[in-house]
Chemist: 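Quick one: the structure is below, questions incoming.
If you're wondering where the values come from, they're calculated on a predicted model, not measured in any experiment. All values below come from the heavy atoms of this structure, side chains included, with hydrogens, waters and symmetry mates left out.
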Amino acid sequence: MQGKEISAQEVYIGSIDQGTTSTRFFIYDRSGKPVGSHQVEFTQFYPQSGWVEHDPMEILESVRVCIAKAVDKATAAGQNVDSGLKAIGLTNQRETTVVWSKSTGSPLYNAIVWMDVRTSSICRKLEKELPKGRTHFAEECGLPISTYFSALKLLWLLDNVDAVKEAVKKGDALFGTIDTWLIWNLTGGKENGLHVTDVSNASRTMLMNLKTLSWDKTILNTLGIPTEILPKIISNAEVIGSIGKGWPITGVPIAGCLGDQHAAMVGQACRKALEGSIAIAGAAVQWLRDSLGIIKKASEIEELALQVDSSGGVYFVPAFNGLFAPWWRDDARGVLIGITRFTNKSHIARAVLESMCFQVKDVLDSMHKDVDEKGEADKDGKREFLLRVDGGATVNNLLMQIQADILGNPVVRPADIETTALGAAYAAGLAVGVWTEKDIFSSGDKTEKPTIFRPVIIEAVRQKRVESWCKAVSRTFDLADLSL
């Protein structure tokens, strides 16, 4: 507002959180407190075993609905969002790949989701052909050749979808991850949409050089990917462009963009962080709900699992589409082992919760090993290791206690568990001057006190359970070719 200083009560930052199973929009006030939000689930498509797709147009509509509903809710609660919304940030499921027509704005195929493993044969072929095998591009992009990353999904589209091939030939094809797809549409689409991606999303394509933060020409040439279909790489916090006509908040600048895990780290005020990705965590609970019908709502798993005091020797490894860090086995498939006549659905529910926690421990053990090898470990050994958590699954107190027990370290849950959306809002607010880096990364408490879960089992029991988990993981390997 010109002519007078904007009061703290009239300053808001919005945040699109576009996830794998749902889209959300949050509105935060200047103190970082959410004052309105809305969530919409969308369809998961499974055309074949191991294939997972989304409809990009359905995702787009879910964003539209979430923005409109969240603004309505905040306004109804007395917040002057219409005049006070200064910018929005965007965070998204990473690696999910879309190719669309520049002239029509229509997707040329469904979005291929990050967990999709249809590119296994392409990965094996490249590993055999390239001199350094699976790690051939690791020095440039930091990633192994894996079905996980966008480059392989793009290769599949270029090889298998005629509409994509034709559009590339005509110069009418645009490639992007979900952030790129959304920003292009939000800023004007086929009229004048901006074709961009941020470094955190670009780093997950397997095509960005980590040193130059630009597309790596050698990788592109080796894979045969045309540069002209790629978006421009931008930073996480800058004014990208304004939301165009036809959207609920026309004219508001988009000023922040981060992939979901990076956004969560900003929301947790982390300055440095290694990364390790787990393929299936909360989605395993959805599997119990939607595919097996063991529970009717995701929230019911805690009560069901609490009916037993252990998993009864049952171990569940949710390698539905392979295993990511630290195993990197796209030939793995899910197993449920240790079943006896004693086993009931409560034991299975508890084993599903435990599977999330064991996977986290696998990644953390690998991270600790990397830090020790690089000589960056805590020199005096006096600081206590704390695991900071966030996201919807963390409302489950039993899950948090199991995580602390399996790790042997405290687990810290913030009062506001939606740190992914908050991180994107912080990035946008930073770009438009609502917050400073000191505001975001200061060690002082910005919110209510967190909840801390401390381990209660003895080391011998913990070690035995970890050994049993590793045995279960080993049983998942080389199962991708099982006949259906």
Chemist: Which value, rounded to the nearest 0.5 Å, describes the distance between Asn80 atom CG and Leu85 atom CG?
Modeler: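 That separation rounds to 10.5 Å.
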Chemist: Distance check, rounded to the nearest 0.5 Å: Thr91 atom OG1 versus Ile16 atom CD1?
Modeler: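 Rounded to the nearest 0.5 Å, the OG1-CD1 separation comes out at 10.5 Å.
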Chemist: Would you indicate whether the side-chain heavy atoms of Val395 and Glu302 approach each other to under 4.5 Å?
Modeler: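 No, every pair of side-chain atoms sits at 4.5 Å or beyond.
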Chemist: In plain terms, say whether Lys245 and Glu191 are close enough for a salt bridge, that is, a side-chain N and a carboxylate O under 4.0 Å apart.
Modeler: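 Judged by the 4.0 Å cut-off on N to carboxylate O distance, Lys245 and Glu191 do not form a salt bridge.
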Chemist: I'd like to know whether Trp327 forms a side chain to side chain contact (heavy atoms under 4.5 Å, CB included) with Val317, so could you lay out the CA-CA distance, the side-chain angles of the two residues, the decisive distance to 0.1 Å, and finally the verdict.
Modeler: CA-CA 12 Å; Trp327 306 98; Val317 187; over 6 Å; no
Chemist: If only atom types and distance count, is the side chain of Glu58 paired as donor or acceptor with the main-chain N or O of Thr43 below 3.5 Å?
Modeler: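 Such a contact is found between Glu58 side chain and Thr43 backbone.
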Chemist: Does some side-chain heavy atom of His195 sit less than 4.5 Å from a side-chain heavy atom of Lys232?
Modeler: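 Lys232 does not reach His195 side chain to side chain.
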Chemist: Under the rule for salt bridge (Lys or Arg N to Asp or Glu O under 4.0 Å), what residues qualify as partners of Arg134, not counting sequence neighbours?
Modeler: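 By the salt bridge (Lys or Arg N to Asp or Glu O under 4.0 Å) rule, Arg134 matches no residue at all.
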Chemist: Between Lys297 and Glu303, is there a salt bridge with N-O shorter than 4.0 Å?
Modeler: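 Looking at Lys297 together with Glu303, the answer is no, because their closest N to O distance does not fall below 4.0 Å.
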Chemist: Please enumerate all residues that pass side-chain hydrogen bond (donor to acceptor under 3.5 Å, both in side chains) together with Trp184, with sequence neighbours excluded.
Modeler: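 Partners of Trp184 by the side-chain hydrogen bond (donor to acceptor under 3.5 Å, both in side chains) criterion come out as none, since no residue qualifies.
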Chemist: Please determine whether side chain to side chain contact (heavy atoms under 4.5 Å, CB included) holds for the pair Ile88 and Ile243, giving the CA-CA distance in whole Å, both sets of side-chain angles, and the decisive distance to 0.1 Å.
Modeler: CA-CA 9 Å; Ile88 70 163; Ile243 294 178; 3.6 Å; yes
Chemist: Would you mind reporting whether Glu95 and Ser150 have side-chain heavy atoms less than 4.5 Å apart?
Modeler: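 A side-chain contact exists here, since the closest heavy-atom pair is under 4.5 Å.
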Chemist: Has Trp181 got a side-chain atom pairing as donor or acceptor with Pro56's backbone, closer than 3.5 angstrom?
Modeler: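 Checking the backbone N and O of Pro56 against the side chain of Trp181, a donor-acceptor pair under 3.5 Å is found.
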Chemist: For a 4.5 angstrom cut-off between non-hydrogen side-chain atoms, does Val71 reach Pro248?
Modeler: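 Of all side-chain heavy-atom pairs linking Pro248 with Val71, none is under 4.5 Å.
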Chemist: Establish, from distance only, whether the side-chain atoms of Trp469 and Asp362 form a donor-acceptor pair under 3.5 Å.
Modeler: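 Checked: Trp469/Asp362 side chains pair up, N/O donor to acceptor below 3.5 Å.
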Chemist: Of all heavy-atom pairs between Gly241 and Leu194, which one has the smallest distance, and what is that distance?
Modeler: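 So the minimum-distance heavy-atom pair works out to CA-CD1, 3.8 Å.
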Chemist: Using modelled atom types and a 3.5 Å cut-off, is there a donor and acceptor pairing between side-chain atoms of Thr97 and backbone atoms of Leu154?
Modeler: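 Judged by distance alone, no pair lies under 3.5 Å.
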Chemist: Using atom types as modelled and distance alone, determine if a side-chain donor or acceptor of Gln268 lies under 3.5 Å from a backbone N or O of Val389.
Modeler: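 Such a contact is found between Gln268 side chain and Val389 backbone.
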Chemist: Is there side-chain contact between His54 and Thr20, with heavy atoms separated by less than 4.5 Å?
Modeler: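 Answer yes - side chains close enough.
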Chemist: One pair to check against side-chain hydrogen bond (donor to acceptor under 3.5 Å, both in side chains): Asp405 and Gln401. What are the steps and the verdict?
Modeler: CA-CA 6 Å; Asp405 288 341; Gln401 186 57 55; 3.2 Å; yes
Chemist: Give me the atom names and distance for the closest heavy-atom approach of Ser146 to Met206.
Modeler: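 Taking Ser146 first and Met206 second, the nearest heavy atoms are N-SD, 4.5 Å.
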Chemist: What pairs with Asp198 under salt bridge (Lys or Arg N to Asp or Glu O under 4.0 Å), at least two apart in sequence or on another chain?
Modeler: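 Expected list: none.
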Chemist: Asn185 side chain to Gly188 main-chain N or O, any donor-acceptor pair under 3.5 Å?
Modeler: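 The answer is no, because no donor-acceptor pair under 3.5 Å joins these two groups.
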Chemist: Set out, in order, the CA-CA distance, both residues' side-chain angles and the distance that settles side-chain hydrogen bond (donor to acceptor under 3.5 Å, both in side chains) for Glu140 and Thr218, then state yes or no.
Modeler: CA-CA 9 Å; Glu140 290 78 23; Thr218 302; over 6 Å; no
Chemist: Return the minimal non-hydrogen interatomic distance between Ala237 and Ala431, and the atom names on each side.
Modeler: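 In terms of heavy atoms, the two residues are closest at C-CB, 3.7 Å.
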Chemist: Can you confirm whether the side chains of Thr436 and Asp439 place a donor and an acceptor under 3.5 Å from each other?
Modeler: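 There is such a pair (donor and acceptor under 3.5 Å, judged by atom type) between the side chains of Thr436 and Asp439.
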Chemist: Output the distance between atom CG (Asp216) and atom OG (Ser214), rounded to the nearest 0.5 Å.
Modeler: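 One gets 7.5 Å once the value is rounded to the nearest 0.5 Å.
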Chemist: So, taking the atom named CG in Leu258 and the one named OG in Ser235, what distance separates them when rounded to the nearest 0.5 Å?
Modeler: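 With rounding to 0.5 Å, CG (Leu258) is 9.5 Å from OG (Ser235).
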Chemist: Checking the side chain of Trp247 only, and the main-chain atoms of Ala68 only, is there a donor and an acceptor separated by less than 3.5 Å?
Modeler: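 Such a contact is absent between Trp247 side chain and Ala68 backbone.
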Chemist: Working to the nearest 0.5 angstrom, can you tell me the gap between Trp51 CH2 and Trp156 CH2?
Modeler: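 Rounded to the nearest 0.5 Å, the CH2-CH2 separation comes out at 4.0 Å.
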Chemist: Using the ring pair (Phe, Tyr, Trp, His ring centres under 6.0 Å) criterion, which residues pair with His262? Sequence neighbours excluded.
Modeler: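 Applying ring pair (Phe, Tyr, Trp, His ring centres under 6.0 Å) to His262 gives none.
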Chemist: Quick one: are the ring centres of Phe316 and Trp287 less than 6.0 Å apart?
Modeler: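 Yes - the distance between ring centres of Phe316 and Trp287 falls below the 6.0 Å cut-off.
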Chemist: State, with a plain yes or no, whether a side-chain heavy atom of Ile240 is found less than 4.5 Å away from one of Leu90.
Modeler: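 Sidechains of Leu90 and Ile240: no contact.
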Chemist: Heavy-atom count check: over 12 atoms from other residues, nucleotides or ligands less than 6.0 Å from Arg388 CZ?
Modeler: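 Open: at most 12 neighbouring heavy atoms sit under 6.0 Å from CZ of Arg388.
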Chemist: Evaluate the criterion side chain to side chain contact (heavy atoms under 4.5 Å, CB included) for residue pair Cys357 and Leu399; output intermediate values, then yes/no.
Modeler: CA-CA 8 Å; Cys357 303; Leu399 176 64; 3.6 Å; yes
Chemist: Would a distance-only check, ignoring hydrogens and angles, find a side-chain to backbone donor-acceptor pair under 3.5 Å from Asn321 to Asp116?
Modeler: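 Here the side-chain-to-backbone pair does not exist.
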Chemist: For Lys73, does the NZ atom have more than 12 heavy-atom neighbours from other residues, nucleotides or ligands under 6.0 Å away?
Modeler: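 Yes, enclosed.
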Chemist: So, using salt bridge (Lys or Arg N to Asp or Glu O under 4.0 Å) as the criterion, who are the partners of Arg64 when residues are at least two apart?
Modeler: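 Scan of Arg64 (salt bridge (Lys or Arg N to Asp or Glu O under 4.0 Å), adjacent residues dropped) gives Glu61.
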Chemist: Side chain to side chain contact (heavy atoms under 4.5 Å, CB included) for Val266 and Asn236? Distances and angles first, verdict last.
Modeler: CA-CA 11 Å; Val266 175; Asn236 302 124; over 6 Å; no
Chemist: When rounded to the nearest 0.5 angstrom, what distance separates CD1 in Ile67 from NE2 in His38?
Modeler: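 Rounded to the nearest 0.5 Å, the CD1-NE2 separation comes to 11.5 Å.
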Chemist: Under a 4.5 Å cut-off applied to non-hydrogen side-chain atoms, are Leu207 and Leu220 in contact?
Modeler: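 A side-chain contact under 4.5 Å exists here.
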Chemist: Determine whether a donor-acceptor pair (N or O, by modelled atom type, separation under 3.5 Å) exists between the side chain of Thr96 and the backbone of Thr177.
Modeler: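 Checking the backbone N and O of Thr177 against the side chain of Thr96, no donor-acceptor pair under 3.5 Å is found.
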Chemist: Closest approach of Val52 and Gln44, non-hydrogen atoms and distance?
Modeler: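 So the minimum-distance heavy-atom pair works out to CG1-OE1, 4.4 Å.
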Chemist: Taking all atoms of both residues into account, what is the closest heavy-atom pair of Asp390 and Thr394, and its distance?
Modeler: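 Minimum heavy-atom contact is O-CG2, 3.3 Å.
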Chemist: With a 4.5 Å limit on heavy-atom distance, are the side chains of Leu274 and Val363 in contact?
Modeler: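 Side chain of Leu274 against side chain of Val363, heavy atoms only: no contact under 4.5 Å found.
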Chemist: Is a donor on one side and an acceptor on the other found under 3.5 Å between the side chain of Lys153 and the backbone of Thr147?
Modeler: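 Yes, because the side chain of Lys153 sits within donor-acceptor range (under 3.5 Å) of the backbone of Thr147.
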Chemist: Specify whether Phe324 and Trp114 have parallel, tilted or perpendicular ring planes, treating 30° as the upper limit for parallel and 60° as the lower limit for perpendicular.
Modeler: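 Rings of Phe324 and Trp114: tilted, as their planes differ by 30° to 60°.
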Chemist: Could you list the residues that satisfy ring pair (Phe, Tyr, Trp, His ring centres under 6.0 Å) with Phe137, not counting sequence neighbours?
Modeler: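 Residues passing ring pair (Phe, Tyr, Trp, His ring centres under 6.0 Å) with Phe137: none at all.
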Chemist: Could you tell me whether a side-chain N or O of Thr197 sits under 3.5 Å from a main-chain N or O of Ile233, the two making a donor and an acceptor?
Modeler: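 Looks like no, no N/O pair under 3.5 Å.
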Chemist: Students often mix this up, so state it plainly: with edges at 30° and 60°, are the rings of Phe149 and Trp328 parallel, tilted or perpendicular?
Modeler: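 Answer is tilted, since the angle falls between 30° and 60°.
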Chemist: State plainly whether the residues Asp365 and Lys361 are in salt-bridge range, i.e. N to O under 4.0 Å.
Modeler: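 A salt bridge is present here (some side-chain N lies under 4.0 Å from a carboxylate O).
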Chemist: Taking all non-hydrogen atoms of both residues, which atom of Phe26 and which atom of Ser37 are closest, and how far apart?
Modeler: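 Heavy atoms of Phe26 and Ser37 come nearest at CD2-CB, 3.6 Å.
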